[in-house]
Amino acid sequence: MKSVEAFDHTHTPPAARLLWAPLDGALRSDAQRVLVANSCDGYTKPSLSQYPHQWNWDSALNALGWVEISPERAYLELERLAGAQSPSGYLPHIAFDADSCDYFPGPEWWGRLKGADGRAISGITQPPVAATCLRLIFSRYPDPDRARPLLEVFQRYHDFLLGPRNPQGRDEPVVIHPWESGRDNSPEWDIPQARVRLRVQQLDRRDRIHVAAAQRPTDRDYRIYLSLVMAGAEVGWDQRHLACHGEFRVLDPGFSAILARACHDLAELAGRLGERSIRRRAQEHARRISRALAGREDRDGVVWPHDLVSNQTQRVLQAGSALTILDPYAGKRRLQVLRREILCGSLQSAFGVRSTQAGHPRMDPQRYWRGPCWVNVTWLCAQGLAWHGDRAGAQLLLWRIAQAVRKGGWREYFHPETGEGLGAQQFSWTAALALAPVQVPGD
Ligand code: 9WN
């Protein structure tokens, strides 16, 4: 295996440009143990008991933690994710491990879809953060031979999101299932999902074996999730059709901003590797998405989720709007309002960024994406602040991540008032992102 010194460090950011969560040596070793224990066949399961397959944005973010243990393993994580690419170009939200059957819904629900490497995959995607993670890994440990083949995979993925998933040319991908947002039961999806025709009554839920029911989505949520999966399978996962006529169709500002950033990062990396046509195309994509987000920004600078079926905007401040801080071209007004809300306003908590604003009637501090703080959202907001020059804000969020894991352990999410650990145990991205430094751009 290549040693850390064997990488070409000519352009590596100096230590002064890396910001760390303040964890002591024992906690850092513990975080590494979580990743190693959840590692299987070149990728990291989010949690061995609750999520025994490969998830899209989990894997990409977990790769950032692997950098601190083995840069080679970090590249491998992204290669395994890329290996699951669907024939139409998307990276699936789940690539199934054939030996694990303890997750509901399993591969049989998705109508025999297969990724390039032959694994069974789901018919939907998740927040496309992979190209950003590749760029962050490359800037620490540049390995052109490993990075170059991934550029094309990610370009095809982004082309899919701005192609079949952009049928009306709005330049933000149409999100066709709450699971695609990665923030499954967030209150912003309550109204858009209410109209879905229920096709499923019986549920074989396994997710409440290890986690209390009060911390998980409701049965009604699950009937909707499964009904949407059945509706997708009924049309053979015709992605353009689902983006034009599906029962659930939303614009998610968090998803769009993550894509804008990913295109920007793909362009930067392609530039460094001399891949001019990928660079040009990715740059153009980043600008288009950013323009679309700016066009939907309200007078205060917030971009809200939008229900395309009813043509209505959902005005509850949530993690999705906070994540628009990742938009590489976010303007001053947006940066100001988000900085305030995240660090000291309605999304602020001593344990990170809240998934739903404090005090909202639909906020529930224990229930999954309806109130708790998640380390991935907090870390991504920290990286977004750092990219926009707010080093102190980024450091404060990393400090809050450290508070959360000290108080609650390596849990999936955290009570925003008490820091109590909630959801799955030994959760991979909590460990990975507690280890991973945020990168501050050079002068
Ligand atoms: C459905 C794996 C995933 C995360 C999502 C999170 C949760 C799955 C579930 O777990 O979703 O995709 O079964 O609840 O909402 O963000 O990627 O950790």
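In each ligand, atom 1 is the first atom listed, and ligand 1 is the first ligand listed.
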Revision key, fill the gap. Atom 17 (O) of ligand 1 has as its nearest protein heavy atom Asp58 OD1, 2.6 Å
Check your understanding: If you measure from each heavy atom of Arg183 to ligand 1, is any distance below 4.0 Å?
Key -> no
Study note, to complete from the structure: If you scan protein heavy atoms around atom 12 (O) of ligand 1, the nearest is Trp55 NE1, 3.0 Å
**Study point:** Validation row, ring centre Trp387 to ring centre His264 under 6.0 Å
**Key:** no
Practice item. Answer yes or no on whether Arg206 is positioned over the face of Tyr103, meaning its NZ or CZ is under 6.0 Å from the six-membered ring centre and within 45° of the axis. Key: no
Practice item. Verify the ring-centre separation between Phe248 and His177: is it less than 6.0 angstrom? Key: no
Practice item. Write out the residue and atom name of the closest protein heavy atom to atom 14 (O) of ligand 1, then the distance separating them to 0.1 Å. Key: Tyr368 OH, 2.5 Å
Point to revise | Nearest protein heavy atom with distance in Å, relative to atom 11 (O) of ligand 1 | key: Asp184 OD2, 2.9 Å
Exercise for review: Please confirm whether Gln50 comes under 4.0 Å of ligand 1, counting heavy atoms of the residue only.
Suggested key: no
Review point. Do the two ring centres, one from Trp374 and one from Tyr413, sit under 6.0 Å apart?
Key: yes
Point to revise | Gap between atom CZ of Arg240 and atom CZ of Arg165 - 0.5 Å precision | key: 11.0 Å
Review point. Between Tyr90 and Phe160, is the ring centre distance below 6.0 Å?
Key: yes
Review point. Would one find an N or O of Gly182, backbone or side chain, under 3.5 Å from an N or O of ligand 1?
Key: yes
Review point. Taking the six-membered ring for Trp, is the centroid-to-centroid distance between Trp429 and Trp379 below 6.0 Å?
Key: no
Study note, to complete from the structure: Going by the 4.0 angstrom heavy-atom rule, the piece of His93 near ligand 1 is side chain
Check your understanding: So, is Trp369 polar-close to ligand 1, with some N/O to N/O distance under 3.5 Å?
Key -> yes
Exercise for review: Please report which non-hydrogen protein atom sits nearest to atom 13 (O) of ligand 1, along with the residue it belongs to and the distance in Å to one decimal place.
Suggested key: Tyr103 OH, 2.5 Å
Point to revise | No-hydrogen, no-angle side-chain donor-acceptor test under 3.5 Å, Asp221 and Gln193 | key: yes
Point to revise | Polar side chain donor-acceptor pair, Thr125 to Glu180, under 3.5 angstrom | key: no
Review point. What do you reckon, does Glu412 have a nitrogen or oxygen under 3.5 Å from a nitrogen or oxygen of ligand 1?
Key: no
Check your understanding: Are any of the heavy atoms in Asp207 under 4.0 Å away from ligand 1?
Key -> no
Review point. Does any N or O atom in Arg216 lie less than 3.5 angstrom from one in ligand 1, N or O only?
Key: yes
Practice item. Using a strict 4.0 Å cut-off to heavy atoms of Phe427, name the atoms of ligand 1 that fall inside it. Key: 18 (O)
